[in-house]
Structures are given as structure tokens and as C-alpha cells.
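Worth knowing before you read on, the calculation uses all heavy atoms, side chains too, and leaves out hydrogens, waters and symmetry mates. None of the values given here were measured: they were computed from a predicted structure.
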Amino acid sequence: MTFDRKIEDVGLERGVSRLTPERIETTIRSVLEGETGAKLKVYAETCMHCGLCSEACHYYMSHDGDPTYSPAGKVQQTLGEILRKNCKVDGEFVYQMAQIAYTECNLCRRCVHFCPVGIDTGYIMSTMRRICHKLGVTPQYIQDTAHSHSATMNQMWLKDDEWIDTLQWQEDEARDELPDLRIPIHKEGADIYYSVIAPEPKFRTQLIYQAAYIFNVAGVDFTMPADPGWDNSDMCMFSGDFEMMGRLKKRHFESALDLKCKRIVMGECGHAFRSIYDNGNRWDGWDMYPIEVIHSVEFFWDLISSGKIKIAEKFKEPITIHDPCNIIRGRGLMEQSRKLAHALCENVVEMTPNLEHNYCCAAGGGVINCGPPFKNVRMTGNRVKAEQLKATGVKTILAPCHNCHGGLEDLVHYYELGMDIKFFGDLIYELMEKPEVE
């Protein structure tokens, strides 16, 4: 297979310039022999090259069946080449491997559902990223985010006082609407430890405002932490920096345990949730989470189904639901998301395909975090998603995930779809019965 789509990226170029043949071989062997085992070996040896995974991948579908974009094709161009050459590959190959693993696979795992023997290409691509990370060959933008986590324990370089100021600012704003509203900060013994990803205080502060309003009206005993650990996001999981991923998840769990909270409720983010229920906790060696953790979709449904939040009027316009891979394929929250959507909206139009077979937004898996050099990779590599959205005929998309919002917004603009995108929190706040205030 010919790789003829190399994209210039300063992080990849600088990283490759520092490599030697010995370092490449030693590093690859250290990962394959020291960090993987039967799982990767079975995947490598059992692929039947049947091609059934191809149409599971939005990159393959959007590039008119180009086999180099199929899951099996991407494995052949990365792990397959490493095995054929017994780990003796050069810097140019490492650049190609990094570009494929970081920017042409969203780790969405849709292909697992199409593989007759259950090969997890997402796991293989994660292993390729791990090798690239240990070689120091990572796209510049996602590495900057990983560095921010390392230095500040949040991905947006927020200072500790800026985080507190933002919570108090949102509390003040919301008190204009609900005078007794509180955002309890660092309160011990609360029922709920509410955590968000760092882009919320940076770019989407209305989500903190809305959550605080919903929780106060519902009478939820909650708190938001003051110390590092409040940012539940995890780009290190995607860059291959698993050591830092483990630090982030350990701090997040310990922050909730220090406050003696009963459970963690995470905001509407998919990858952060995956890093808690799937990757980070296992890297830290926990068989089971040290504290119960649930996604906002589950918590919002509890509030509405229990009658703590009542809906004054349903959303009337037709709306469609995007299924984030990390909470639907990864966690199985399709039932709660549908119940919630139908409780809020009069006319829910399903996409085709949907649920665990829905197409990825092409932003997840850290791909959107690889930044502007690779934006066109996402746009041209997800034409099928744009076509799927357009076919619903609706003007509003419901997507309970930050990365999905970023990816879908880019698609809507690029393909001129004229659609709006909402979180569940947006709709609940807009449609709920609100107490009258004198």
C-alpha cells in the first residue's frame, strides 16, 4: 500500500529528527514485549483479511472505498509492517505510523462490531500511539495539551484561582435568576461530586451555570472540588502517555474520596468518561472503581424519572440524536439517552444507522486535538456523517459529548448543513419548570 498523504506537523517532524535506528527498535520491542501480550498477538494472527471491517470505518466510506483507510489496511500499514520487518523500521515509517494512528483512526471501535472474530483495531492503534509517545513522535497540538495536564493537572492551563473564580462567577450570574442558588465548593460529605472537563470553564461556562441551576432546583446535595483533580478530561490517554493518564485518574478519584462524597457525576463528555470506566482505572490497578461514577445522561434521567425535575413544555421541532462512541458503544447508555430524549422532545428522528452502529463524529480519540494541520483529514474523512445528518431532515442535533460537539460543529460548517447542536443540559435547562422568583 502506498502512503501518499503525508501532512506536515512540527511535532512529528521534530520527533522523527531525533530518532536513531537503535532507539526505534529498542522502543518498539519494549512496548510489544513489555506492555502487550496475548491480546495483541491474537489480533495480529487471527485477521482473516475478509474486509468486513472496511465499511465500519467512516474514513474508508468517505474516501470511496480506498483500502488504505480500512481498519485492516491501517493495521497492515503500522503493526503489520513492524512485524514483517521484525521491529527494524526507519523514521519515515514512524512518521507515517503516527499520522495514521493519531489522525486517521478515532478509536471509536465501530469496526469491532463488524469483525467476525472481534479484533479491536482501536486497541491496536492505541498501542501504535503508545510506541509513538515513547519515541517522542506526537502531533504538536495534542502534545501541548498533554503537557498542560502534566504541569497544571488540567488541559487548558487554568490557574487554581481562575477555576474558583469561574465557579463563583457562574454562581453570581445564576443568582440573578435563582437568588438562593449555590455552587458549593469543596464541601465534605456531599452526595454528588460533580466534575467537568477543562473546556467548560474556558469556553462553555453556560454548562456550569445550567448544571448548577438544575441541581439546585432538584435539591441535589452536590459539590465541585477546589483542588486539582476537578478536570476529568484525559488527552494523555489518547497521546499514549499512560503514566500521566494514571496520575490524572488517580487524582480525580482521590479528590472525590478526600471530600468523602458518595459518588461522582461526570459532565457531558465521552472520552473523560471512558478514561474513568475503561482505561485510567485499570492502569491504576483498580479492579473496581473506588467510588461510584456515572455519566450525566444517567443522572439527568434519574432526576426526571424521579420527578425531581419536571418538564414544562417539550421541544417541538424535530431533533436527532448523535450516539457518542464512548458512552454508547463503550458503556451502553443508549436506553437512558433515548428515554431522556423522548422525555424532552416531541419528535425524535433517529439517524440511520444509529445506537452502537452510529457513525463517529470524527473528533474523538484525540483526533480533533491534533489541531489545524489535520482538520481537513477530519472533514474529508467523515463525509458519510455529514450525509447521515443531512438525511434526517432536521435542524437540531442532540449530542451529550464535548468532542462530538466540536466535530459536528466543524462538519455542519464545512458541509453547510445549517444545523444546531445541543447538550441534554441545554434542553433540560430550557424546558424545565422553573420556580417563580419575586
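- With respect to the salt-bridge test (charged N to carboxylate O, under 4.0 angstrom), the residues K395 and D420 do not qualify.
- For residues 129-173, the pairs satisfying ring-ring contact (aromatic ring centres under 6.0 Å, His included) are W163-W230, with sequence neighbours left out.
- Between E346 and K316, at least one side-chain N (NZ, or NE/NH1/NH2) sits under 4.0 Å from a carboxylate O, which counts as a salt bridge.
- Counting heavy-atom neighbours within 6.0 Å of E430 CD, excluding the residue itself, gives a total above 12.
- Between Y429 and Y213, a ring centre-to-centre spacing shorter than 6.0 Å is recorded.
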(message) Pair D231, N154 - check side-chain hydrogen bond (donor to acceptor under 3.5 Å, both in side chains), show working.
(response) CA-CA 5 Å; D231 175 15; N154 75 79; 5.9 Å; no
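- Salt-bridge annotation for K308 and D221: absent, with no side-chain N of the basic residue lying under 4.0 Å from a carboxylate O of the acidic one.
- Aromatic rings of F424 and W301 (six-membered ring for Trp) have centroids beyond the 6.0 Å cut-off, not under it.
- When ring centroids are compared, Y359 and H58 stay outside the 6.0 Å threshold.
- Of the charged side-chain nitrogens involved, none lies within less than 4.0 Å of a carboxylate oxygen, so that D284 and R282 do not count as a salt-bridged pair.
- Ion pairing of R247 with E254 is absent here, as no side-chain N (NZ or NE/NH1/NH2) approaches a carboxylate O to less than 4.0 Å.
- Salt bridge status for R182 with E171: present, with a side-chain N to carboxylate O gap under 4.0 Å.
- Every residue was checked against the salt bridge (charged side-chain N to carboxylate O under 4.0 Å, His left out) condition with E55, not counting sequence neighbours, and none meets it.
- For R29 and E33, the salt-bridge test passes: some basic side-chain N is under 4.0 Å from an acidic carboxylate O.
- Annotation: ring-ring contact (aromatic ring centres under 6.0 Å, His included) contacts involving residues 176-204, sequence neighbours excluded, comprise Y193-H252, Y194-F215.
- Here H402 and F423 bring their ring centres to under 6.0 angstrom of each other.
- Judged by a 6.0 Å distance limit and a 45° cone about the ring axis, R383 is not positioned over the six-membered ring of Y415.
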